[in-house]
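What follows is a single structure, written as structure tokens, with notes after it.
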Number of protein chains: 2
Amino acid sequence: MDVASPSKADLAREAWTAMLEFFFVKGRPKVLELWREFDLMPPQQMVLGLLDEPRPMGELAHHMHCDSSNITGIVDRLTERGLVERRAAEGDRRVKLVALTDEGRAMRTELIRRRTEPPEEIAALSDSDLRRLQRIFSSALSH
Amino acid sequence: MDVASPSKADLAREAWTAMLEFFFVKGRPKVLELWREFDLMPPQQMVLGLLDEPRPMGELAHHMHCDSSNITGIVDRLTERGLVERRAAEGDRRVKLVALTDEGRAMRTELIRRRTEPPEEIAALSDSDLRRLQRIFSSALSH
DNA sequence: TATTGTTATACTCTATAACTATA
DNA sequence: TATAGTTATAGAGTATAACAATA
């Protein structure tokens, strides 16, 4: 092993470490900023984000990798804020569909707009870098 | 605006969205896995990660972007587990230094090793992609 | 007076287990 | 019996405000 040319595994680990640091440490202030701006904790933001259409409680729990009992509380709080409502599902009366209210839909749109605003360090990259990132992570998401 | 060549702002937003999805949605199971594996919640992992050397409570709070009252509880729980201890700081008796125990140091090493293991989707990238990622995010971290 | 860290309080998230209504 | 969702409970994270010890 040549010290000047690290193994591929080392290279991957270095790159991964830098990315973790960027997203989970340097990016933390932005998470806190959105939390305060919308007065929505991350799990509430996640539920709002999932509601592109009405979805059953269980489906929300599945996508959030948490127990469905948590979803009850999260949806309760979103309901108290007037952002979502529970509806009956046709065909199975055990199922409750969570649907956005008009206010919830407006907040979801604004939240997504803010969440997807790239930070300066990304926005300033070259077209070549941006295209490469887009390709790498779109591909990673479909694997 | 040509539909086939999106503006740079759009390109940046697309790339950023894919990255957010990859790290915060697709990556969530790995976060939960480490949580269970070490029985350490993310904030406890973060404190352990910061302790490359003994640090004052306030410095931990600063790096975690949270109130110092939270650190009291987190350090209490790490102390009960025998992973860290509070020490007096020389020169200012108000300050308490949080230091790893031997057991804490061993767990920190293992935790960092596991955290920095790149997922398959990254490990499988070409050398060229990996080098590009390394360059982009190292640079982003120093800005 | 100002700063460091703790305590008190309230709310949210998280999991597990027991429960209700429905299938 | 099995499933969808809720309730009960306990532990952890978060913030704010009030406090003790020290500077």
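Just so it is clear, the model here is predicted, and its values are computed rather than measured. Protein chains get the first letters and strands the later ones, always in sequence-line order, with residue 1 at the start of each.
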- A correct 5'-to-3' footprint of nucleotides 15-23 of chain C, with B, S and - meaning base, sugar-phosphate only and no protein heavy atom under 4.0 Å, is BBB---BBS
- Length of the line joining B:Met64:CE and D:dA12:P, which is rounded to integer Å: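 Going from B:Met64 (CE) to D:dA12 (P), I get 15 Å.
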[X] to [Y] - nearest heavy-atom pair and separation:
X	Y	value
B:Asp127	A:Leu11	O-CD2, 4.0 Å
A:Arg108	A:Leu48	NE-O, 2.9 Å
A:Leu20	B:Arg115	CD1-O, 3.2 Å
A:Arg86	A:Thr79	NH1-OG1, 3.9 Å
B:Val98	B:Met57	CG2-SD, 3.4 Å

- Query: How would you list all residue pairs meeting side-chain hydrogen bond (donor to acceptor under 3.5 Å, both in side chains) that involve residues 11-20 of chain A, not counting sequence neighbours?
  - Reply: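 Qualifying pairs, neighbours excluded: A:Arg13-B:Thr116.
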- Is there a side-chain contact between A:Arg81 and A:Met107 (heavy atoms, below 4.5 Å)?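 Yes, at least one pair of side-chain atoms sits under 4.5 Å.
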So how far is it from [X] [atom1] to [Y] [atom2], rounded to the nearest 0.5 Å?
X	Y	atom1	atom2	answer
B:Ser126	A:Lys8	OG	NZ	6.5 Å
A:Asp129	B:Ile136	CG	CD1	4.0 Å
B:Met46	B:Leu111	CE	CG	11.0 Å
A:His63	B:Arg28	NE2	CZ	13.0 Å

- Task: Using heavy atoms and a sub-4.0 Å distance, could you list which residues of residues 81-88 of chain B are near DNA chain D? By number, please.
- Result: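 Listed by number, there are none.
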- Message: Below 4.0 angstrom, which residues in residues 37-50 of chain A have at least one non-hydrogen atom near DNA chain D?
- Response: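 Nothing qualifies; none.
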- Task: Please state whether the rings of B:Phe137 and A:Phe23 are parallel, tilted or perpendicular, taking 30° and 60° as the class boundaries.
- Result: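 The arrangement is tilted - the two ring planes meet at 30° to 60°.
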- Members of residues 71-79 of chain A that approach DNA chain C, where some heavy atom sits under 4.0 Å away: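 Close to the strand are A:Ile74, A:Arg77.
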- Task: Taking only the side-chain nitrogens and oxygens of A:Lys96, find out if one of them lies under 4.0 Å from OP1 or OP2 of D:dT6.
- Result: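 So the side chain of A:Lys96 is within the cut-off, an N or O lying under 4.0 Å from OP1 or OP2 of D:dT6.
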- B:Arg28 near the nucleic acid: base, sugar-phosphate alone, or nothing, with a heavy-atom cut-off under 4.0 Å?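 Since only primed, P, OP1 and OP2 atoms lie under 4.0 Å of B:Arg28, the category is sugar-phosphate.
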- Task: Please identify each residue that fulfils side-chain hydrogen bond (donor to acceptor under 3.5 Å, both in side chains) with B:Gln45, with sequence neighbours left out.
- Result: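 Result, side-chain hydrogen bond (donor to acceptor under 3.5 Å, both in side chains) vs B:Gln45: none returned.
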